Amino acid sequence: MAQLLVVEDNADILHLIWTQMRARGHQVLGASSGPEALAAVELWGPPQVAVLDVAMPAMDGLELLQQLRAATGMSELPAIFLSARVDRETVEAAHRLGAAYLAKPFMEEILYAAIEAALTKGYEGLWAAVEGAKHRSPSA
């Protein structure tokens with residue numbers, strides 16, 4: 001069981017991810033904003049993987065990842081961005097941070113594969129896992 005941090009300003013999506021990942025055995029810390037996520041990590045300790053929305057009020061996910069890494073001292077904290085915003089500039093910014101980027105709406109199997117790859121193989125394994133999950137999915 002891994003500790004995941006899920007930060008999403010849409011309560012329905014946050015609850016969906018929280019429910020799906022807990023059902024798969026993970027401990028999930030949920031937050032609806034960057035400042036809330038930073039406070040949760042300060043209280044509960046660093047996560048093993050962060051799943052972050054990009055477009056959020058107060059602080060976007062890209063800035064949040066940088067602050068999480070600084071606050072935890074984990075410069076290589078694995079992160080997966082989930083966003084409906086799929087423009088080249090944002091995706092490239094996420095990749096420069098060493099994070100995976102999945103578009104919303106996302107498939108549970110692909111998110112789970114990305115999380116498992118981040119836990120076991122680090123960033124290098126993320127893309128192979130995401131591509132593999134896409135090919136196994138009946139709706140891909």
Side-chain angles (χ1 to χ4, degrees):
M1 173 176 10
Q3 180 166 302
L4 310 178
L5 172 65
V6 179
V7 186
E8 169 63 59
D9 62 337
N10 180 307
D12 292 334
I13 295 173
L14 177 60
H15 180 74
L16 175 69
I17 297 169
W18 186 87
T19 302
Q20 290 172 340
M21 294 306 117
R22 285 194 42 96
R24 291 179 179 261
H26 294 298
Q27 180 181 12
V28 182
L29 247 107
S32 60
S33 69
E36 187 180 314
L38 291 168
V41 167
E42 187 175 322
L43 184 62
W44 298 103
Q48 290 171 275
V49 177
V51 179
L52 310 171
D53 187 10
V54 173
M56 295 184 291
M59 177 187 312
D60 72 24
L62 299 167
E63 181 184 346
L64 174 58
L65 178 57
Q66 293 172 350
Q67 288 195 26
L68 280 170
R69 286 176 171 170
T72 62
M74 296 175 63
S75 63
E76 298 293 318
L77 173 65
I80 300 158
F81 286 105
L82 293 175
S83 184
R85 189 167 145 191
V86 190
D87 61 272
R88 171 179 257 151
E89 184 179 315
T90 306
V91 173
E92 287 176 355
H95 290 169
R96 282 192 300 275
L97 290 171
Y101 201 99
L102 301 177
K104 291 179 186 173
F106 62 92
M107 294 171 43
E108 178 185 356
E109 283 302 315
I110 293 174
L111 176 59
Y112 182 70
I115 290 169
E116 291 303 307
L119 289 168
T120 59
K121 302 172 196 158
Y123 178 72
E124 293 76 27
L126 278 174
W127 290 113
V130 168
E131 287 303 311
K134 282 181 186 174
H135 295 297
R136 286 191 303 274
S137 171
S139 60

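Since the model is a prediction, treat every value here as computed from it, not as a measurement.
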Partner residues of [X] under the side-chain hydrogen bond (donor to acceptor under 3.5 Å, both in side chains) criterion, sequence neighbours left out:
X     : value
Asp12 : none
Glu92 : Arg88
Ser83 : none
Gln66 : none

Quick one, [X] and [Y] - any side-chain contact, counting heavy atoms below 4.5 Å?
X     : Y      : answer
Asn10 : Lys104 : no
Val6  : Met21  : no
Leu68 : Leu5   : yes
Pro47 : Val41  : yes

Could you give the distance from [atom1] ([X]) to [atom2] ([Y]), rounded to the nearest 0.5 Å?
X      : Y     : atom1 : atom2 : value
Leu111 : Leu4  : CG    : CG    : 8.5 Å
Leu38  : Leu64 : CG    : CG    : 5.5 Å
Asp60  : Leu65 : CG    : CG    : 10.5 Å

Dump the intermediate steps for side chain to side chain contact (heavy atoms under 4.5 Å, CB included) on Leu97 and Arg69, then the final yes or no.
CA-CA 10 Å; Leu97 290 171; Arg69 286 176 171 170; 4.0 Å; yes
May I ask you to decide if [Y]'s main-chain N or O and [X]'s side chain share a donor-acceptor pair within less than 3.5 Å?
X     : Y     : value
Glu63 : Met59 : no
Thr90 : Val86 : no
Gln48 : Gln3  : yes

Taken in chain and number order and not counting sequence neighbours, the residues that satisfy side chain to side chain contact (heavy atoms under 4.5 Å, CB included) with Arg22 are Trp18, Val28
Just to verify, what does Leu16 make a side chain to side chain contact (heavy atoms under 4.5 Å, CB included) with, not counting sequence neighbours?
Gln20, Phe106
Write down the atom of [X], the atom of [Y], and the distance for their closest heavy-atom approach.
X     : Y     : answer
Ala50 : Leu77 : CB-CD2, 4.3 Å
Glu8  : Asp53 : OE2-OD2, 3.2 Å
Ala93 : Leu62 : CB-CD1, 4.0 Å
Phe81 : Ala94 : CD1-CB, 3.5 Å
Arg85 : Ala55 : NH1-CB, 4.1 Å
Thr72 : Pro46 : CG2-CB, 3.6 Å

Test salt bridge (Lys or Arg N to Asp or Glu O under 4.0 Å) applied to Arg24 and Glu108, step by step
CA-CA 11 Å; Arg24 291 179 179 261; Glu108 178 185 356; 3.0 Å; yes
Between Tyr101 and His95, what is the ring plane arrangement, given parallel below 30°, perpendicular above 60°, and tilted in between?
perpendicular
Between Glu89 and Arg96, does at least one N-O distance fall below 4.0 Å, as a salt bridge requires?
no
Side-chain heavy atoms under 4.5 angstrom apart, residues restricted to Ile, Leu, Val, Met, Phe, Trp, Tyr: same cluster for Leu29 and Met1?
no
